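What follows is a single structure, written as structure tokens, with notes after it.
All values reported here derive from a predicted model rather than from experimental measurement.
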Amino acid sequence: MRERILVSVPWLLIAALVAVDGWQLWQLNSKQAIADRFSIAWSDDPNTWQANTWFGIPAWQNPFDVWVTQEILWEVKPDLVIEAGTHRGGSAALWATLMEQINPEGRIVTIDVKNQSEDARRLPIVQEKVEFLVGSSTHPKVVEAVTRRAEGKRTLVILDSNHARDHVLEELRAYAPLVPVGSYIIVQDGAVNGHPTWPDFGPGPYEAVEAFLAENDAFEPDRSRERHLMTSNPMGFLKRVR
């Protein structure tokens with residue numbers, strides 16, 4: 001009997017290991033795990049988001065999130081879209097193109113510390129609908145200028161500038177009062193700092209959203225907007241609910 005028990009022990013260990021490996025394999029092949037692995041590969045590849053253009057202008061956007069943003073714009077029909085982070089102006093041109101169909105009277109205000117948008121400014125749709133502000137999105141004079149433009153308007157905010165936690169949190173605090181109930185602040189690129197990409201980035205937009213929600217109960221993350229599974233904006237579609 002003792003010999004039989006000793007012989008069976010290795011088989012019990014093997015069975016246990018197989019069970020653990022099977023569980024890990026199931027986790028690896030779950031939808032979210034696959035989406036996270038794809039997100040990391042997609043983010044690291046220089047031929048994906050960094051190669052995206054709109055009307056020939058660089059537009060560093062995740063196509064899944066652009067689709068969702070289009071749906072939000074259609075539902076909200078804002079009079080004003082505030083974009084922090086112009087870069088080359090491709091995304092501002094993109095929002096303006098959508099707004100032309102959604103709300104022909106709507107306008108875009110885009111903000112950046114640098115003026116790198118000369119090519120975008122030549123586009124007719126940009127000349128018609130986009131205003132460029134040069135300066136930090138959190139500078140009091142810039143915030144004051146944007147607040148004046150938002151007065152009496154149904155406003156939606158897109159944050160895509162400096163992705164450091166403290167900067168994004170300051171942006172959230174500055175622009176949240178401009179967003180009416182039912183509209184959104186879209187905080188882009190919360191995927192950095194291990195959510196799931198670039199864990200060496202340091203605290204970023206995701207952590208800023210966590211801190212903001214802890215102090216402001218007027219907004220809630222609309223997780224239904226992450227339905228495509230691969231999003232660069234986890235927890236980043238913030239809807240004003242009260």
Side-chain angles (χ1 to χ4, degrees), residues 49-162 171-172 174-189 225 232-233 236-240:
W49 59 275
Q50 296 178 68
N52 289 346
T53 63
W54 188 261
F55 294 160
I57 311 299
W60 289 358
Q61 295 289 323
N62 179 332
F64 289 110
D65 295 326
V66 167
W67 189 280
V68 169
T69 299
Q70 170 271 142
E71 293 178 343
I72 292 173
L73 289 171
W74 178 258
E75 293 170 18
V76 175
K77 293 182 173 56
D79 305 306
L80 180 67
V81 175
I82 300 167
E83 177 190 58
T86 307
H87 190 227
R88 301 288 293 279
S91 56
L94 169 55
W95 313 137
T97 305
L98 295 171
M99 287 293 289
E100 185 179 35
Q101 300 299 318
I102 293 168
N103 181 358
E105 301 302 317
R107 294 294 181 268
I108 317 296
V109 172
T110 186
I111 311 158
D112 206 299
V113 293
K114 296 180 180 180
N115 178 11
Q116 306 176 81
S117 55
E118 293 84 356
D119 292 339
R121 292 172 189 248
R122 298 189 185 100
L123 295 173
I125 187 67
V126 170
Q127 293 175 1
E128 178 186 350
K129 291 193 171 297
V130 181
E131 179 181 4
F132 294 84
L133 297 181
V134 178
S136 171
S137 56
T138 59
H139 192 284
K141 289 186 177 179
V142 172
V143 174
E144 180 184 0
V146 173
T147 300
R148 288 199 306 270
R149 287 159 175 78
E151 186 175 354
K153 293 184 172 62
R154 187 164 181 80
T155 300
L156 182 142
V157 176
I158 300 173
L159 301 181
D160 189 24
S161 63
N162 181 336
E171 288 179 322
L172 284 163
Y175 294 111
L178 308 184
V179 177
V181 172
S183 190
Y184 285 75
I185 302 176
I186 299 174
V187 183
Q188 295 197 343
D189 294 326
R225 304 298 183 173
S232 296
N233 310 333
F237 296 98
L238 302 180
K239 184 176 184 178
R240 183 153 195 175

Exercise. With I57 as reference, evaluate H87, R88, R122 under the side chain to side chain contact (heavy atoms under 4.5 Å, CB included) test and give the passing residue.
Key: R88
Quiz item: What are the two closest non-hydrogen atoms of A96 and V130, and how far apart are they?
Solution: CB-CG2, 3.8 Å
Quiz item: Is it true that a side-chain atom of T155 and a backbone atom of K153 form a donor plus acceptor pair closer than 3.5 Å?
Solution: yes
Practice problem: Report the C-alpha separation of V179 and L156 in whole Å, then their side-chain angles, then the decisive distance to 0.1 Å, and conclude whether the side chain to side chain contact (heavy atoms under 4.5 Å, CB included) test is met. | Solution: CA-CA 6 Å; V179 177; L156 182 142; over 6 Å; no
For a quick test of your reading: what N or O donor-acceptor pairs under 3.5 Å do the side chains of residues 98-105 make, sequence neighbours left out?
| unit_1 | atom_1 | unit_2 | atom_2 | d |
| --- | --- | --- | --- | --- |
| N103 | OD1 | E105 | N | 3.2 |
| N103 | ND2 | P78 | O | 2.9 |
| N103 | ND2 | D79 | OD1 | 3.2 |

Quiz item: Which residue pairs satisfy the ring pair (Phe, Tyr, Trp, His ring centres under 6.0 Å) criterion with at least one member in residues 112-146, sequence neighbours excluded?
Solution: none
Quiz item: Is it the case that T97 and W54 place a side-chain donor and acceptor less than 3.5 Å from each other?
Solution: yes
Exercise. Run the numbers on E144 and R148 for salt bridge (Lys or Arg N to Asp or Glu O under 4.0 Å), then give the verdict.
Key: CA-CA 6 Å; E144 180 184 0; R148 288 199 306 270; 3.7 Å; yes
Self-check item: Where A59 and S91 come nearest, the two heavy atoms and their spacing
Solution: CB-N, 3.9 Å
Self-check item: N233 to V187 - nearest heavy-atom pair and separation
Solution: CB-O, 3.6 Å
Exercise. Identify, with sequence neighbours excluded, every residue that meets side chain to side chain donor-acceptor pair (under 3.5 Å) alongside S137.
Key: H167, E171
Quiz prompt | Any V142 side-chain heavy atom under 4.5 Å of I111 side chain | solution = yes
Practice problem: Look only at the side chain of D160 and the backbone of Q188, and say whether a donor-acceptor pair between them is shorter than 3.5 Å. | Solution: no
Practice problem: Would you mind reporting whether V76 and Y184 have side-chain heavy atoms less than 4.5 Å apart? | Solution: yes
Self-check item: Minimum side-chain heavy-atom gap I82-I158 below 4.5 Å
Solution: no
Quiz item: Do T147 and L178 come close enough that some side-chain heavy atom pair is under 4.5 Å?
Solution: yes
Quiz item: Hey, does F237 have a side-chain heavy atom less than 4.5 Å from the side chain of D65?
Solution: yes
Quiz item: Heavy-atom distance under 4.5 Å between the side chains of L94 and V66, does that happen here?
Solution: yes
Practice problem: Mark yes or no for whether K77, through its side chain, and W74, through its backbone, hold a donor-acceptor pair below 3.5 Å. | Solution: yes
Self-check item: Nearest-0.5 Å distance that lies between atom CG in L238 and atom CD1 in I185
Solution: 6.0 Å
Exercise. May I ask you to decide if Q61's main-chain N or O and N52's side chain share a donor-acceptor pair within less than 3.5 Å?
Key: yes
Quiz item: Where the side chain of R225 meets the backbone of V68, is there a donor-acceptor pair that is under 3.5 Å apart?
Solution: no
Quiz item: By side chain to side chain donor-acceptor pair (under 3.5 Å), which residues pair with E131, not counting sequence neighbours?
Solution: R149
Quiz item: Are any of the side-chain heavy atoms of F55 and V126 separated by less than 4.5 Å?
Solution: no
Quiz item: When rounded to the nearest 0.5 angstrom, what distance separates CG in N162 from OG1 in T138?
Solution: 8.5 Å
Exercise. Give a yes or no on this: more than 12 heavy atoms of other residues, nucleotides or ligands lie within 6.0 Å of atom CD of E71.
Key: yes
Quiz item: What are the two closest non-hydrogen atoms of R154 and S183, and how far apart are they?
Solution: NH2-N, 4.1 Å
Exercise. Report yes if the side chains of L159 and I186 come closer than 4.5 Å at any heavy-atom pair, otherwise no.
Key: no
Quiz item: What residues, two or more places apart in sequence or in another chain, satisfy side chain to side chain donor-acceptor pair (under 3.5 Å) together with D189?
Solution: H163
Self-check item: Pairing residues for S117 by the side chain to side chain donor-acceptor pair (under 3.5 Å) criterion, not counting sequence neighbours
Solution: N115, R121
Quiz item: Taking atom types as modelled and ignoring hydrogens, do the side chains of W60 and Q50 form a donor-acceptor contact shorter than 3.5 angstrom?
Solution: no
